[in-house]
Amino acid sequence: MGKIKIEHVTKVFGKNTSAALKLVEQRVEKTAILEKTGATVGVYDANLEIEEGEIFVIMGLSGSGKSTLIRLLNRLINPTSGSIYIDGQDVTKLSKKQLQEVRRKKMSMVFQNFGLFPHKTILQNTEYGLEVRNISKEERQMKAEKALQNAGLLPYKDQYPSQLSGGMQQRVGLARALANDPEILLMDEAFSALDPLIRKEMQDELLELQANVQKTIVFITHDLNEALRIGDRIAIMKDGQIMQVGTGEEILTNPANEYVRNFLEDVDRSKVLTAEHAMVRPKTINIENDGPKVALQRMKEDAVSVLLVVDRHRNFKGYITADDALEISKRGYKDINTILKTDMPVVEPTMLIQDILPIISDSPTPVAVVLDGRLKGVLIRGVIIEALASSTQEVNEHE
Amino acid sequence: MNNFSPIPIDDYVETAMGWLTDTFSGLFKAVQNNGEDLMNGLTSLLTAIPPFVFILVVAVLAFVATGKKFGLAIFSILGLLLVYNQELWEELMQTFTLVLFSSLIAIIIGIPLGILMSKNNWVEEMVKPILDFMQTMPGFVYLIPAVAFFGIGVVPGVFASVIFALPPTVRFTNLGIRQVPKELVEAADSYGSTANQKLFKVELPLAKSTIMAGINQTVLLSLSMVVIASMIGAPGLGREVLSALQRAQVGNGFVAGLCLVIFAIIVDRLTQSFNKKKY
């Protein structure tokens, strides 16, 4: 069972909730329900399972119900029907006191506009979650200072939020959440209010943080690139319904419906294409069997000036150039080990094209794609650019 | 036109008042006596302070409260010296007592009521029309039950002032708490705050400046009741204004009125200066 499990959760805003709920059960559409009952369906029969330790991104445009959904998890909004299990415990059935405990210990929230208390200093803000738990002043100060230290904000601890930039404020928001040492982090459009460069920085920091602390993170965003960048899995929402759940890769290559497909159109393709998509079959030579004559023959056949060198298990060894092969062949040497070059950049098949681009533009040679020592393919500059320009269908064909 | 005899609302009210007066006469009497003693005591205490010391204290307070500016301090010195010069010092102290008591009582009742209103829509719906009633009913009308309950003197004056001056504190407290940004309320909730923690750590501090604006209004309104309350025997500058009115003494009326204005300005600026944002 997952860390968080959402079963048939519906949230109806407005007065006529029971009538609206019946219509939801009959699978009547959201707009029709609004017309008939005057009630707005915020979340429409949502089912989800979120695993421990993953970054789960819920993505949708405004009005899709994603912010409502995340607030149902800590019951800032109470669901109209359905169950929400956290570690197997149904939070919809908790008493006020139990809910407070869950909020204090299990999960912390990070807000779009940071949610920092303007009348409290950075340190006091960071302490807040500990303060409401009645933890002693020394202990909470120590924990809060440690959290600020990790965020690199300790020198600002006596300032007020308004004295800090947006990016710094959100770091405080995150530090406040982490000071509590929760198992679950709820991040509601946490980076949306930041400008793009700071935003990317924060995404990187979150990923780095996740590598160290392994929280279960539920992240809300309207930005697909952000979702693809940080999400282990992504749920796409529309009109309160969850349209598709899967890894970024799954959703991109296999959109569940027209809506998801349209949604994906504006993705910056370089951010989701990996080395695997863009690599081509390499021209190789076997270091154990072949000599320079074979190499030259093969280069002539394929009209290339470089051959990748492998052993009989296709373990990647390096490359040889036509000039060198010609040289030793003239001298009558047989062993291509003497001309083997090993300075070819190597990447993994899952590496993102956007990260490969700087490598390949700096390298005079193509880039080898290697998994566990085995040569999988080769990346050639022209092919990458072509892949970037191609459509989704063509990306699929590369698979 | 009037085929129906008038509904005897006046009779109803009088019956109700009579019942209240009879039933709680012991309580009213106790409040009257103790209140009178308490306020007279405070007034004697204030008059016992040498005026120059008092003026100096006010000036220093004004200097500090306005952030080390001289304007209000100088105004206080000159203004209060003028009051002293016009031999209205004791009256000023009586007025001060009246305003202090009625404002304090209004704040003690008003802030909790405002909090209750902000937390409960039903309470808000109920209390709002009552506040409207309290504010629009002419201040003179409150004098009648005040006299019925407490006789004449300073206590009924305070009673009438409290009713008249209460609404702003209630309204502004309600407004201030309701205006706390939703995200901050959510932040407080999401970290597992209890209702009290949320109120005292987040909502009240953030509503503080709005509440202070309400308190400022309450103080000024109770000041404006001073003259009206003098009609039922409340002592102070108001009584001077009233007697000048009754004898058509323009000069005396102006002087007493001017002293009231000076006092009002000092009180207003002082209460406002406590409301400076630090963040």
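Numbers restart at 1 for each chain; the letters A, B, ... are given by sequence-line order, proteins then strands. Being a predicted model, the structure only gives us computed values, none of them experimental.
Ring geometry for B/F63 against B/F70 counts as tilted: the plane angle lies between 30° and 60°, on a 0 to 90° scale.
Side-chain N/O atoms of B/T97 and B/T43 include a donor and acceptor closer than 3.5 Å. Between A/R133 and B/Q197, the side chains place no donor N or O within less than 3.5 Å of an acceptor N or O (distance only, hydrogens not considered).
Heavy-atom proximity under 4.5 angstrom to chain B picks out A/R71, A/N74, A/L76 from residues 63-78 of chain A. Contacts with chain B (heavy atom to heavy atom, under 4.5 Å) involve these residues of residues 167-183 of chain A, listed by number: A/G173, A/R176, A/A177, A/N180.
Judged purely by atom type and a 3.5 angstrom limit, A/E145 has no side-chain atom pairing as donor or acceptor with the backbone of A/M142.
Partners of B/F101 under the ring-ring contact (aromatic ring centres under 6.0 Å, His included) rule, at least two apart in sequence or in another chain, do not exist in this structure.
Contacts between A/N134 and chain B at a heavy-atom distance below 4.5 Å involve the side chain alone, from C-beta outward. Heavy-atom distances place no part of A/E101 under 4.5 Å from chain B, backbone and side chain included.
The list of ring-ring contact (aromatic ring centres under 6.0 Å, His included) pairs with a residue in residues 187-208 of chain B, not counting sequence neighbours, is empty.
Across B/V185, B/V180, B/V202, the residue that shares the most heavy-atom pairs under 4.5 angstrom with chain A is B/V202. With chain A as the partner, the residue from B/G192, B/A187, B/P181 showing the most heavy-atom pairs under 4.5 Å is B/G192.
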